[in-house]
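Remarks on the structure that follows.
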Amino acid sequence: MTKQNKITTSRRGFIATVGVATAGLTALTAGQSFGLLHGSNLFAPRTQRDSPQQVPVNRTAAAAAVADAANDPAWRLQVTAGATTLALSRADLGDLLQTSVTLPIACVEGWSVSAHWVGVRVRDLMALTGAPPQTRVRFTSLEPQGVYRVTEMGPEFVTNETTLVALRLNGETLSLDHGYPARLIAPNRPGVLQTKWLSSVEAIA
Ligand SMILES: Nc1nc2c(c(=O)[nH]1)N[C@H]1C(S)=C(S)[C@@H](COP(=O)(O)O)O[C@H]1N2
Ligand SMILES: [Mo]
């Protein structure tokens with residue numbers, strides 16, 4: 001089954017909308033699935049209704065002990081390829097081309113929630129460092145420890161135009177529990193790989 005996702009990018013008044021086929025999405029979102037209009041869904045679980053930004057929280061910022069580091073104005077996203085490292089503030093990231101996508105968080109615990117994300121394409125970040133587009137990328141969280149602190153993705157995800165370092169969720173700045181200041185969102189990957197509270201994005205061999 002193929003689903004159409006609408007993607008919008010904008011910078012300096014320029015708006016482009018393209019359709020992207022996301023075959024395979026359905027398989028990953030199998031299980032409990034519900035949309036944003038939770039108020040009209042009597043069967044929406046309590047977790048979603050009471051959740052910040054209408055998306056359940058898997059691991060909170062408090063549990064991950066990241067609140068101080070995440071709120072620190074000195075936070076920078078390290079973007080590295082070879083000898084080049086860029087240190088981008090949240091404002092720097094916001095000045096780059098913003099891409100808007102609708103993608104689910106599909107947790108292996110059995111829930112899946114579609115959400116609207118805005119941020120910077122991973123491939124655009126990589127291009128800033130001069131990394132070749134066909135690269136593998138490692139994402140590391142501010143989280144001092146935890147099984148989901150580090151994730152990697154192959155070039156098929158890196159080149160995908162919906163793979164983002166997300167800054168916004170459902171029309172608001174990403175909440176702390178959802179990964180502020182920046183988190184990964186990519187299509188066709190389980191929730192465990194959608195790394196929150198990013199500290200670095202590195203091109204690896
Ligand atoms: N750094 C970090 N990122 C993480 C996790 C985590 O424990 N630490 N949990 C993952 C899991 S299992 C899921 S399902 C999603 C949930 O994202 P959410 O809490 O914003 O809904 O975040 C993922 N990203
Ligand atoms: Mo998860």
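Keep in mind that this is a model prediction, so the values were computed, not measured. For ligands, and for the atoms within them, numbers begin at 1 and follow the listed sequence.
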When only distance counts, is [X] in polar contact with ligand 1, meaning an N/O pair under 3.5 Å?
| X | answer |
| --- | --- |
| Asn58 | yes |
| Gln194 | yes |
| Lys196 | yes |
| Pro56 | yes |

If you have a sec, work out which protein heavy atom is nearest [atom] and how many Å separate them, to one decimal?
| atom | answer |
| --- | --- |
| atom 20 (O) of ligand 1 | His178 ND1, 2.6 Å |
| atom 7 (O) of ligand 1 | Arg59 CD, 3.1 Å |
| atom 1 (N) of ligand 1 | Glu143 OE1, 2.7 Å |
| atom 22 (O) of ligand 1 | Arg183 NH2, 3.4 Å |
| atom 15 (C) of ligand 1 | Gly191 O, 3.5 Å |

Problem set entry | Expected output: side-chain Arg121 to main-chain Thr99 donor-acceptor under 3.5 Å | no
For this session: Give a yes or no answer on whether the side chain of Gln54 reaches the backbone of Ala115 with a donor-acceptor pair at less than 3.5 Å.
Result: no
Exercise. Cation over ring, Arg59 on Tyr148, under 6.0 Å and within 45°?
Worked result: no
For this session: Could you tell me whether Val55 approaches ligand 1 through its side chain, its backbone, both or neither, with non-hydrogen atoms closer than 4.0 Å?
Result: side chain
Exercise. Can Asn160 and Thr162 be counted as having a side-chain donor-acceptor contact under 3.5 angstrom?
Worked result: yes
For this session: For Glu156, look at atom CD and say whether over 12 heavy atoms of other residues, nucleotides or ligands are found less than 6.0 Å away.
Result: yes
Exercise. Is Phe139 near ligand 1, meaning one of its heavy atoms is under 4.0 Å from it?
Worked result: no
